[in-house]
Amino acid sequence: MSGAPRPRPVRSLDTLVRVRRGLGTAPEPPRRLAVPDGMTAPLGCDAVAVPAGIGPLLMPRLPRVGCVYADEAHWWWLVPSDSDYALEWPAPVRYTRGAIVPDAVPVPDLIHRPDGTLPYTPPIPLYLALCRLTGTTPTWSRPISA
């Protein structure tokens, strides 16, 4: 073995084009629940997805119901961004930042639109109603362990 440096492979434009093609196409942008026309979301939007069987039970338990979307398996409730801060939403609830709908799920249909311009369901009453329906103790009521 000699101490001479090994020659580096030459990178041509063809090589760079092949590498770029190998990376695939740009990913699709995430699919989000759309805020209806005429409404604004000044606090951003996240979504709380609940099994479809729980959805109808929540409606009468809430003082205000914002935009609600539904597909065959879930009802989706728009809440202000960061409504998961310091909360553990009870199972089987799924909290999604940015109100993103998973790729495997068809885009849900809007089934409830509130009066006014804000699309939100207040997150604390929604959280408490879900805790009650699922038999879960709210986060702030649980014993603290050392």
Side-chain angles (χ1 to χ4, degrees), residues 6 8-146:
R6 297 174 71 197
R8 291 185 175 177
V10 176
R11 305 268 194 263
S12 69
L13 183 57
D14 289 337
T15 304
L16 294 174
V17 168
R18 278 195 308 276
V19 168
R20 174 72 181 134
R21 286 183 183 156
L23 294 175
T25 59
E28 292 289 324
R31 297 178 316 141
R32 299 179 192 278
L33 296 172
V35 173
D37 289 339
M39 300 191 101
T40 62
L43 302 175
C45 276
D46 289 347
V48 176
V50 303
I54 294 176
L57 302 174
L58 281 171
M59 295 291 267
R61 295 174 181 254
L62 296 171
R64 180 183 191 282
V65 177
C67 288
V68 181
Y69 301 79
D71 58 34
E72 289 182 12
H74 295 92
W75 282 29
W76 303 74
W77 306 75
L78 288 186
V79 294
S81 292
D82 299 323
S83 292
D84 62 335
Y85 181 76
L87 292 179
E88 291 177 33
W89 289 82
V93 173
R94 181 174 53 214
Y95 188 91
T96 58
R97 292 179 175 266
I100 295 174
V101 178
D103 289 336
V105 175
V107 177
D109 295 320
L110 180 66
I111 62 167
H112 181 268
R113 178 187 172 135
D115 295 331
T117 60
L118 295 176
Y120 307 122
T121 295
I124 298 301
L126 178 60
Y127 173 78
L128 290 172
L130 284 166
C131 284
R132 183 146 187 126
L133 285 170
T134 60
T136 304
T137 302
T139 303
W140 54 79
S141 297
R142 295 180 192 155
I144 298 174
S145 60

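Nearest heavy-atom pair, T134 versus A91, reported as atom, atom and distance to 0.1 Å: CG2-O, 3.7 Å. Among all heavy-atom pairs drawn from V68 and W75, the shortest one is CG1-CE3, 3.8 Å. Scanning both residues, D84 and W89, for their nearest heavy atoms gives CA-NE1, 3.6 Å. Taking each heavy atom of C131 and P138 in turn, the nearest pair found is SG-CA, 4.0 Å. Across all their heavy atoms, L78 and A99 have their closest contact at CD2-CB, 3.9 Å.
Between the side chains of T139 and Y127, at least one donor N or O sits under 3.5 Å from an acceptor N or O.
Between L118 and R64, some side-chain heavy-atom pair lies under the 4.5 Å cut-off. Between W76 and R94 there is a side-chain heavy-atom pair separated by less than 4.5 Å. A heavy-atom distance below 4.5 Å is not found between the side chains of P106 and E72. Within the 4.5 Å cutoff, no side-chain heavy atoms of V35 are placed close to those of C67.
D71 is linked by a salt bridge (charged side-chain N to carboxylate O under 4.0 Å, His left out) to nothing, counting only residues two or more places apart in sequence or in another chain. Contacts of P63 classified as side-chain contact (heavy atoms from CB on, under 4.5 Å), with partners at least two apart in sequence or in another chain: P125. Annotation: side chain to side chain donor-acceptor pair (under 3.5 Å) contacts of T117 (sequence neighbours excluded): none.
Taken to the nearest 0.5 Å, the CG atom of L87 stands 11.0 Å off from the CG atom of L130. Rounding to the nearest 0.5 angstrom, the gap separating the CG atom in L33 from the CG atom in L110 is 9.5 Å. In this structure, the separation between OG1 on T137 and CD on E88 is 11.5 Å, given to the nearest 0.5 Å.
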Tell me which donor-acceptor pairs under 3.5 Å the side chains of residues 43-62 have, and how far apart each pair is, sequence neighbours excluded?
| from | atom 1 | to | atom 2 | distance (Å) |
| --- | --- | --- | --- | --- |
| D46 | OD1 | G98 | N | 2.7 |
| D46 | OD2 | D82 | N | 2.9 |
| D46 | OD2 | Y95 | OH | 2.5 |
| R61 | NE | L57 | O | 3.4 |

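Formation of a donor-acceptor pair under 3.5 Å by the R31 side chain with backbone atoms of P102 is found in this model.
For the side-chain hydrogen bond (donor to acceptor under 3.5 Å, both in side chains) condition, no pair includes a residue of residues 106-116, sequence neighbours left out. Sorted by first and then second residue, the ring pair (Phe, Tyr, Trp, His ring centres under 6.0 Å) pairs involving residues 28-60 (not counting sequence neighbours) form an empty list.
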For this session: Might you work through the side-chain contact (heavy atoms from CB on, under 4.5 Å) test for Y69 and V107, ending with a clear yes or no?
Result: CA-CA 9 Å; Y69 301 79; V107 177; over 6 Å; no
